[in-house]
Amino acid sequence: MNRPLLDPDLLKAFTTVVDCGSFTAAAERLHSTQPTISQKIRRLEDQLGHRLLDRNGREVTPTDAGQALLGQARHLLALNDQILDVMAGAAAASTVRLGVPEDFVANRVAQVLADFSRRHPRVKLEITSGLCSDLLDRYDRGEQDLILVKQRRHSRTAIDCWPETLAWIDSARHPGFRSDPVPLVTFPPRGLYREDIIRAIEAMGRRWRIAYTCSSLNGIQHAVAAGLGISLLPLRTVTSDHALLGAREGLPAIDDYEIALFHRATADAAILALAQALTGLLAEEAPPGVGRPRAAGLSAPDRPASGARGG
């Protein structure tokens, strides 16, 4: 219980003397002096109760006890280095809390995130998927470092943004648009596109009813495909089970949404690197001839304007 702890500094002096075969050479390698090295060896011998080195003329060699100690000393010093390496890595590691809508996790963004993790093994990614309104709330509370959300154009200043192309969809096999009232499949009340759907149907003089409400993109897609009603979704999420609706049916184009990227001005290098990776992907996927509509600068701390929240 009360056994003394060996000082790695003394063990380092011992192994270096053995390696160099000389106190003087060991002192030079350790940027010390010969008397200091000799003193450290004496302290180690006193602590262990054994003579560790034979000083025969100009050559210094380990005694039997020294030879027994040598391998264990090297092991302990290596373990000491491993501990320092681990702690250096822990200190250098960082966490990036990213928030993205569900439909982005299902496409190429997921691959970009996986590639980023492989290129930055010391960065821990914590990814939250959900409604854009919830992600914005979490960002405002400081719970997200970086978010990629959809909002109405110019409703809130973002780091960068890209236009979001929307499409009216119905079931390919069991269309419901001609039903009266028109069945609607929507996100919850705070979700994107819900009010746009209702306003468009009312502007046509058509009656409507909410047939299905779901906060999951996958749920919306399957509900429309099954014939529960029509909906409005990003064009990139339309499947072969859907039929596109539009001007022929009297439905307006909804083109006032954008994909927006937010992070704070104090973002660290890991956050900026991930933001750059996402920016590169979204720039590639922007509609032909559109490019970037604006480089909006740093994200503002103010709340988004009315109507900018949602799924």
Side-chain angles (χ1 to χ4, degrees), residues 82-153 155-164 187 190-192 215-218 234 236-237 257-286 292-304 308-311:
Q82 290 176 22
I83 292 172
L84 293 176
D85 289 342
V86 168
M87 298 313 298
S94 61
T95 298
V96 176
R97 301 168 298 174
L98 170 68
V100 291
E102 181 188 354
D103 53 309
F104 282 103
V105 178
N107 69 3
R108 285 184 60 200
V109 170
Q111 186 60 54
V112 169
L113 298 180
D115 291 342
F116 179 86
S117 291
R118 284 188 287 270
R119 291 196 309 271
H120 301 83
R122 290 188 176 181
V123 177
K124 178 183 176 183
L125 273 183
E126 293 182 357
I127 305 168
T128 299
S129 174
L131 292 175
C132 292
S133 57
D134 295 334
L135 296 177
L136 281 162
D137 284 342
R138 290 173 60 88
Y139 179 78
D140 289 333
R141 293 195 301 267
E143 298 172 4
Q144 303 284 171
D145 303 309
L146 178 68
I147 58 171
L148 192 65
V149 295
K150 292 169 284 186
Q151 64 176 12
R152 292 192 185 276
R153 291 186 183 180
S155 61
R156 179 168 177 165
T157 305
I159 294 295
D160 216 336
C161 50
W162 302 263
E164 174 76 303
F187 288 106
R190 278 171 26 104
L192 282 175
S215 60
S216 163
L217 168 70
N218 188 259
R236 55 192 157 73
T237 67
Y257 282 93
E258 64 186 7
I259 302 167
L261 182 70
F262 295 90
H263 66 65
R264 297 173 184 82
T266 55
D268 62 23
I271 296 172
L272 295 177
L274 180 54
Q276 184 177 18
L278 293 171
T279 295
L281 170 64
L282 292 170
E284 290 176 7
E285 295 190 342
R292 292 183 182 176
R294 59 190 172 98
L298 296 175
S299 60
D302 54 292
R303 305 290 295 184
R309 318 303 298 275

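As the structure is a prediction and not an experimental result, all values here were calculated from the model. Just so you know, these numbers use all the heavy atoms, side chains as well, and skip hydrogens, waters and symmetry mates.
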Worked verdict on Cys132 versus Leu192 for side chain to side chain contact (heavy atoms under 4.5 Å, CB included): CA-CA 8 Å; Cys132 292; Leu192 282 175; 4.2 Å; yes

Report the C-alpha separation of Asp160 and Phe262 in whole Å, then their side-chain angles, then the decisive distance to 0.1 Å, and conclude whether the side chain to side chain contact (heavy atoms under 4.5 Å, CB included) test is met. CA-CA 8 Å; Asp160 216 336; Phe262 295 90; over 6 Å; no

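With hydrogens and angles ignored, the 3.5 Å screen pairs no side-chain donor or acceptor of Ser155 with any backbone N or O of Gln151.
Here the side chains of Val109 and Leu278 are in contact, with some heavy-atom distance below 4.5 Å. Inter-residue side-chain proximity for Leu274 and Leu98 is flagged as met; some heavy-atom pair is nearer than 4.5 Å.
A search for side chain to side chain donor-acceptor pair (under 3.5 Å) contacts involving Arg118 returns Asp115, not counting sequence neighbours. Under the salt bridge (Lys or Arg N to Asp or Glu O under 4.0 Å) criterion, Glu126 pairs with Lys124, sequence neighbours left out.
Put simply, CG on Asp134 and OG on Ser129 are 10.5 Å apart, with the number rounded to the nearest 0.5 Å. Once rounded to the nearest 0.5 Å, the distance linking OG1 of Thr266 with CD1 of Ile271 reads 7.5 Å. Distance check, rounded to the nearest 0.5 Å: CD1 of Ile259 to SG of Cys161 gives 10.0 Å. Separation of atoms OG1 (Thr237) and CG (Leu217) is listed at 5.0 Å; rounding is to 0.5 Å. Atom CG of Leu272 and atom NE2 of His263 lie 5.0 Å apart (nearest 0.5 Å). Rounding to the nearest 0.5 angstrom, the gap separating the CG atom in Asp145 from the CZ atom in Arg264 is 6.5 Å.
What you find for Val112 and Ala277 is that their closest heavy atoms are CG1-CB, 3.9 Å. The minimum heavy-atom distance between Pro101 and Leu148, with the atom names listed, is CD-O, 2.7 Å. Across all their heavy atoms, Leu125 and Phe116 have their closest contact at CD1-CD2, 4.0 Å.
Note on Arg156 versus Asp140: salt bridge recorded, some NZ/NE/NH1/NH2 to OD/OE distance being below 4.0 Å.
Of the options Arg153, Glu164, Arg152, Lys150, a side-chain hydrogen bond (donor to acceptor under 3.5 Å, both in side chains) to Tyr257 is made by Arg152 and by none of the others. With Leu113 as the fixed residue, the side chain to side chain contact (heavy atoms under 4.5 Å, CB included) test singles out one of Val96, Ile127, Leu281: Ile127. Just one of Leu136, Val100, Leu131 meets the side chain to side chain contact (heavy atoms under 4.5 Å, CB included) condition when paired with Val149; it is Leu136.
Taking the ring centre of Tyr139 as origin, the terminal cationic atom of Arg97 falls outside the region bounded by 6.0 Å and 45° from the ring axis.
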